[in-house]
Amino acid sequence: QLIKGEASAAVKHKAITVLGMDGGIAAVAPLQALLGDHQNTALGIAIAESLWNRAQAKRAVFVLENFLHDPKSELARKAALALGRMGQLTRAKPVLETLAQEPSAQGAWARQLLAAHQIKRTLALRNKTRVQFGHRLLDELLGHVVDSYVDADRVKLEALIDAAAKGMI
C-alpha cells in the first residue's frame, strides 16, 4: 500500500528495497504486479532488482536491459549498475565501461562491478581450463596463456594452446 500511495519516491524506493531483501517468497507476486505498473521508471529499476533478489526472475533482467537503449540517460546508468549488482553484465557492460570513466560514486561502483566481473570470469575460466601437464613450468605457462588471452572463454582450449605454441616457435 505504501508503494501505491502518495509517499515520496525515496520512501517508495526504500520500501521496495526492504521488500526485496526481507519480503520472502510472498513478496514475489506483489513485486511482479508493481513491475508492470512501473517498468519504465526509476522505481521500476528498484522493483526489478528486488524481484531478482527474491526470485532471480528473468523478467527483471529483461526490464532492466530495456533501459539500456539510451546509454547516456540516468535511467540507463541506474539499470546498468543494478544489472552489475545482479551479475548480469552481458548487455550492461558498455554502459558500465563508460560510467567507470567518470570520477563519481556511480563511476566507482561501475569500476568495482567490472573488476569483480573480470575476477569471476578469470577464475571460472581457470577452473574450466584446468588442464595439467604434470610439469610445473608447463602448467604455469598454460595459466599465463589463458589469463592473458582476451576472450579465452570463447575459444576451445586446444585451439588456444595451438595458437600459443605457434606464436612461440
Side-chain angles (χ1 to χ4, degrees), residues 9-10 12-14 16-21 23 27-28 31-32 34-131 140-164 167:
K12 288 180 180 183
H13 189 276
K14 291 288 184 196
I16 287 167
T17 302
V18 169
L19 191 59
M21 291 187 316
V28 173
L31 285 169
Q32 286 178 332
L34 286 169
L35 189 57
D37 297 337
H38 299 282
Q39 64 183 6
N40 295 322
T41 66
L43 197 55
I45 293 171
I47 295 168
E49 189 171 8
S50 291
L51 185 57
W52 176 265
N53 291 340
R54 275 293 109 221
Q56 301 218 335
K58 295 287 182 194
R59 180 176 175 216
V61 174
F62 177 74
V63 167
L64 290 171
E65 286 178 344
N66 283 333
F67 283 100
L68 301 176
H69 294 298
D70 180 11
K72 294 186 184 219
S73 78
E74 186 61 27
L75 291 177
R77 293 164 176 244
K78 288 181 179 183
L81 289 168
L83 286 164
R85 286 188 296 270
M86 293 163 40
Q88 304 292 315
L89 269 79
T90 306
R91 292 206 32 224
K93 195 171 181 185
V95 177
L96 289 173
E97 287 171 340
T98 301
L99 193 54
Q101 302 303 314
E102 296 181 5
S104 64
Q106 285 184 332
W109 259 107
R111 287 188 294 279
Q112 290 296 330
L113 291 168
L114 289 168
H117 174 68
Q118 184 61 38
I119 290 168
K120 287 178 187 174
R121 192 171 154 230
T122 300
L123 290 174
L125 182 61
R126 202 177 259 178
N127 290 336
K128 177 179 149 188
T129 58
R130 201 42 102 184
V131 174
E140 186 177 333
L141 180 62
L142 178 61
H144 287 298
V145 168
V146 170
D147 289 347
S148 61
Y149 192 77
V150 176
D151 284 321
D153 56 337
R154 295 183 182 179
V155 179
K156 289 186 179 179
L157 181 61
E158 295 82 19
L160 188 59
I161 293 170
D162 243 15

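FYI, side chains are in, hydrogens and waters are out, and symmetry mates aren't considered; it's all heavy atoms of this structure.
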What distance do R77 atom CZ and D70 atom CG have between them, rounded to the nearest 0.5 Å?
10.0 Å
Nearest atoms (heavy-atom pairs only) where F67 meets S73
O-OG, 4.5 Å
Is any side-chain heavy atom of L83 closer than 4.5 Å to a side-chain heavy atom of E65?
yes
Taking C-beta and beyond as the side chain, do L51 and V63 meet within less than 4.5 Å on heavy atoms?
no
Donor-acceptor contact below 3.5 Å, side chain R59 vs main chain A48:
no
All heavy atoms of L113 vs all of L81, minimum pair found to be CD1-O, 3.7 Å
Identify, with sequence neighbours excluded, every residue that meets side-chain contact (heavy atoms from CB on, under 4.5 Å) alongside T98.
none
Heavy atoms only: give me the nearest L68-A79 pair and the separation to one decimal.
CD2-CB, 4.4 Å
Partners passing side-chain contact (heavy atoms from CB on, under 4.5 Å) against A82 (at least two apart in sequence or in another chain)
I45, E49, L64, R85
When rounded to the nearest 0.5 angstrom, what is the spacing between CZ in R111 and CD in Q101?
8.0 Å
Would you give the length of the straight line joining atom CZ of R91 to atom CZ of F62, rounded to the nearest 0.5 angstrom?
8.5 Å
Of all heavy-atom pairs between A100 and L114, which one has the smallest distance, and what is that distance?
CB-CD1, 4.0 Å
